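Down below is the structure, laid out as C-alpha cells.
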There are 2 protein chains.
Amino acid sequence: MISLAEENYLKSIYHLSQAGSKSVLTNELAEAMNTKAASVTDMIKKLSTKEFISYEKYYGVNLTAKGKAVALSVIRKHRLWETFLVEKLAFSWDEVHEVAEQLEHIQSKRLIEKLDEYLGFPKVDPHGDPIPDNNGKIKALQQVMLATLKPGADSTIVAVRDSDSHLLKYLDKIGARPGKIIKVIEREEYDGSMEVSINNQRFFLSKEVSENILVNA
Amino acid sequence: MISLAEENYLKSIYHLSQAGSKSVLTNELAEAMNTKAASVTDMIKKLSTKEFISYEKYYGVNLTAKGKAVALSVIRKHRLWETFLVEKLAFSWDEVHEVAEQLEHIQSKRLIEKLDEYLGFPKVDPHGDPIPDNNGKIKALQQVMLATLKPGADSTIVAVRDSDSHLLKYLDKIGARPGKIIKVIEREEYDGSMEVSINNQRFFLSKEVSENILVNA
DNA sequence: ATATTATTTTAGGCTTGTCTAAAATAATAT
DNA sequence: ATATTATTTTAGACAAGCCTAAAATAATAT
C-alpha cells in the first residue's frame, strides 16, 4: 500500500543521500521533487509514520531499512525498463528517462522477474548505472567525476549523472557513452573546462559537462 | 490532460456501450467501475464538461468522438501490452490482465509505436480481441456466444468475454484458446449447458462458461 | 550575546476522486 | 391517475497531495 508519490519521494531521498552522506534536508528534497518545502514536510510526516524514514524536525530525514528497500526496488525497475527500451525497442539513450519514470511504478513482482530474465539479467543500465538485484543489493561503482581527472589520464566512462535530455543528446552525439574510453588532453584551471579525446576525436567540455560524466576510479 | 481515473471511466463506458446499444446508465457504470452511483455522477459531470461524453440527466451517457478516441487508445495499449506479456515474456493467458490494466496508462506515443513494431503489428491480442490501430480504427469481429450454437455446429474460438482469472485458467486447461476449433455435441435446454469437443476431447460446459466463449459467426 | 537571515514547520485552503445519506426524478403497479 | 419502488442526483464530508502565508526554529554575523 504505497502510493506513487510516496515511491517518488523515497527514490529521491535515496539518490540525495547517496550524493551527500548527511541527512536529506527539506529544501533539497523540495527542489529535487519540484515542489514546495511545505509539501515536503507534509509527505515527510507521512513517510515517517509509516516508518519508511526517520525524521528529526528541522534536521532532515534518513531512510530506514524498509524505506531503502522500497527505493531500491523502484530504482531496479527503472533501470530494467530503461535497458528494455534501449536494447529491445531501440530507443536512443536520451529518450528513455521519462518513460521509465512511469514504468517504474508498475506493481508486479512477476513482471519484473520475467523482464529481468528476458533481458538476460543485466548488471548495469544503458547509462552505466548498476541495477539492484531482487534483494536490493546494489554494487557501488567506483566512480569519480571526469572533472577531477588530471591531464594525461584516461579512463572508462561508467555513467552520466544528470538525466537531462539535452545533455544526453549532446553526449550521444560526441560518442560519450558508458563503456567508452575518454582521455583528458588539457584542463583550464580558471573555468574548469577541459579538452578530451573520445574515439580519437577531440572535444572541449565545460565544467558543467565534465562534472556530469562519471568514470572509473 | 486526462487522468487515470478518467481514462478508466471512458474505457468502461466504451465496453458497456459495445455490449448494449443504448446509453450507458449510472448504475451499470458504478458496478463496472466498482464504485458508487454518486461517484459516477460526479465523474460523469466532469467528463461531460470536458466533452468526452454527452450526458442527459437520468438517462445515461454516450461517448463523443473525442471520448471514443481516448477509450480506443487505452484499449489499444492494453491489448498491445497483453500481447507483449504473452509473446515475449511468456506470461500465461490468464495472468496478463491485471498488469496490462496498469501498463495501459503509460503515456508515450513513441513507446506504443515501437512496441507495436516490436510485436510485428499484431491484429488481435492473446484473447482474440482486435487491436485498434493508431487512428482508433478497430475491426469488429463477427462473433457470437458459443451458447447460441446448435448441436453439430463447429466454429473457431475468437475471444473470451470475461477476464476473470479462474475462467481463463479453466479454459486454458481444457485448451479453449482463440484460434481453436470447438464443436457442439449436445445442448441441454433446461439449463443451457452443453457438451463440446476441443482437440478431440469432450467437455461439459455450463451456460455461464459457454456464454463467455465467443466464436466466429 | 543578540540581531539578522535562512530554513523549516504550521495553519488553513484547494482539487481530485471517493463516500453516505437525503432529495429528486423516473418507472412500474394498482 | 396515483402510489410505490427503483434509480439518479445533490449535499456535505473525507483523504491524498499540493499550495501560500505566517510562525517557529536554527544558523550566521556582529
Side-chain angles (χ1 to χ4, degrees), chain A residues 1-14 16-17 19-63 67 70-71 74 101-102 104-105 107, chain B residues 1-14 16-17 19-63 67 70-71 74 101-102 104-105 107:
Chain A
M1 306 312 83
I2 180 157
S3 74
L4 195 140
E6 288 169 344
E7 284 193 347
N8 281 331
Y9 270 91
L10 292 174
K11 186 178 56 148
S12 244
I13 294 169
Y14 177 85
L16 289 170
S17 53
S21 60
K22 332 200 52 162
S23 292
V24 175
L25 303 177
T26 303
N27 266 358
E28 287 173 3
L29 200 41
E31 190 177 355
M33 295 294 299
N34 238 297
T35 184
K36 296 299 156 73
S39 310
V40 171
T41 301
D42 287 346
M43 180 55 92
I44 273 175
K45 282 186 194 160
K46 209 199 325 175
L47 292 174
S48 180
T49 307
K50 292 192 175 182
E51 299 187 301
F52 290 120
I53 59 178
S54 60
Y55 166 46
E56 213 183 329
K57 249 184 174 185
Y58 293 101
Y59 292 94
V61 303
N62 285 98
L63 289 174
V70 172
V74 175
E101 287 286 300
Q102 299 179 61
E104 73 190 7
H105 299 291
Q107 305 284 11
Chain B
M1 304 302 79
I2 181 160
S3 74
L4 194 140
E6 288 169 344
E7 284 193 347
N8 282 330
Y9 271 91
L10 292 174
K11 186 179 55 148
S12 245
I13 294 168
Y14 178 86
L16 290 170
S17 53
S21 60
K22 330 201 55 163
S23 292
V24 174
L25 303 177
T26 303
N27 265 358
E28 287 173 3
L29 200 41
E31 189 176 356
M33 296 294 299
N34 237 297
T35 184
K36 297 298 155 73
S39 310
V40 170
T41 301
D42 288 344
M43 179 56 92
I44 272 176
K45 283 186 195 159
K46 208 199 323 176
L47 292 173
S48 180
T49 307
K50 293 192 174 182
E51 299 189 298
F52 289 120
I53 58 178
S54 60
Y55 166 46
E56 213 184 328
K57 249 185 175 185
Y58 292 101
Y59 292 92
V61 302
N62 284 99
L63 289 174
V70 172
V74 175
E101 288 285 300
Q102 298 179 61
E104 73 190 7
H105 300 292
Q107 305 285 11

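Chain identifiers are assigned alphabetically (A, B, ...) following the order of the sequence lines, protein sequences preceding nucleic acid strands; residue numbering begins at 1 within each chain. A quick note: this is a predicted structure, and the numbers were derived from the prediction, not measured.
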Mind calculating the distance between [atom1] ([X]) and [atom2] ([N]) to the nearest angstrom?
X	N	atom1	atom2	result
A:Lys57	D:dT25	NZ	C1'	9 Å
B:Asp42	D:dC14	CG	P	16 Å
A:Glu6	D:dC18	CD	C1'	14 Å
B:Met43	D:dT9	CE	P	15 Å
A:Met1	D:dA16	CE	P	13 Å
A:Tyr55	C:dT7	OH	P	16 Å
B:Met33	D:dT8	CE	P	16 Å

*Let me know, please, whether B:Tyr58 or A:Tyr58 comes out on the 5' side of the other along DNA chain D by nearest nucleotide.*
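Looking at DNA chain D, the more 5' nearest nucleotide goes with B:Tyr58.
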Quick one: is [X] getting a side-chain N or O under 4.0 Å of the [N] phosphate, OP1 or OP2?
X	N	value
A:Lys45	C:dT10	yes
A:Ser39	D:dC18	no
B:Thr26	D:dT9	yes
B:Lys36	C:dT20	yes
B:Asn27	D:dT8	yes

_Using Watson-Crick or G-U wobble geometry with both distances under 3.5 Å, which nucleotide pairs with D:dT25?_
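Check on D:dT25: paired to C:dA6, both distances under 3.5 Å.
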*According to the Watson-Crick and G-U wobble definitions, with both distances under 3.5 Å, which nucleotide is paired to C:dT20?*
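Looking at the geometry, C:dT20 pairs with D:dA11.
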Measuring from the side chain of [X] (C-beta onward, heavy atoms only), which nucleotide among [options] has the closest atom?
X	options	result
A:Thr35	D:dC18, C:dT7, D:dT9	D:dC18
B:Tyr9	D:dA11, C:dT18, C:dT9	C:dT18
B:Thr41	D:dT9, D:dC18, C:dT9	D:dT9
B:Tyr59	C:dC19, C:dA27, D:dC19	C:dA27

*asked:* Just verifying a value: how many Å separate B:Thr35 OG1 and B:Asp42 CG, rounded to the nearest 0.5 Å?
replied: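 Nearest 0.5 Å value for the OG1-CG distance: 9.5 Å.
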_Inter-residue atom distance B:Leu63.CG - B:Tyr14.OH, 0.5 Å rounding_ =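 These two atoms lie 9.0 Å from each other.
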*Indicate, with a heavy-atom threshold strictly under 4.0 Å, whether B:Ala5 touches base, sugar-phosphate, or nothing.*
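Sugar-phosphate, no base atom in range.
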_Is it true that, when you exclude A:Glu51 itself, more than 12 heavy atoms of the residues, nucleotides or ligands shown sit nearer than 6.0 Å to its CD?_
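Incorrect, the count does not exceed 12.
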*For B:Glu31, look at atom CD and say whether over 12 heavy atoms of other residues, nucleotides or ligands are found less than 6.0 Å away.*
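No.
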*Which pair of non-hydrogen atoms, one from A:Val70 and one from A:Ile2, has the smallest distance, and what is that distance?*
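Answer, listing the atom of A:Val70 first, then A:Ile2: CG1-CD1, 3.7 Å.
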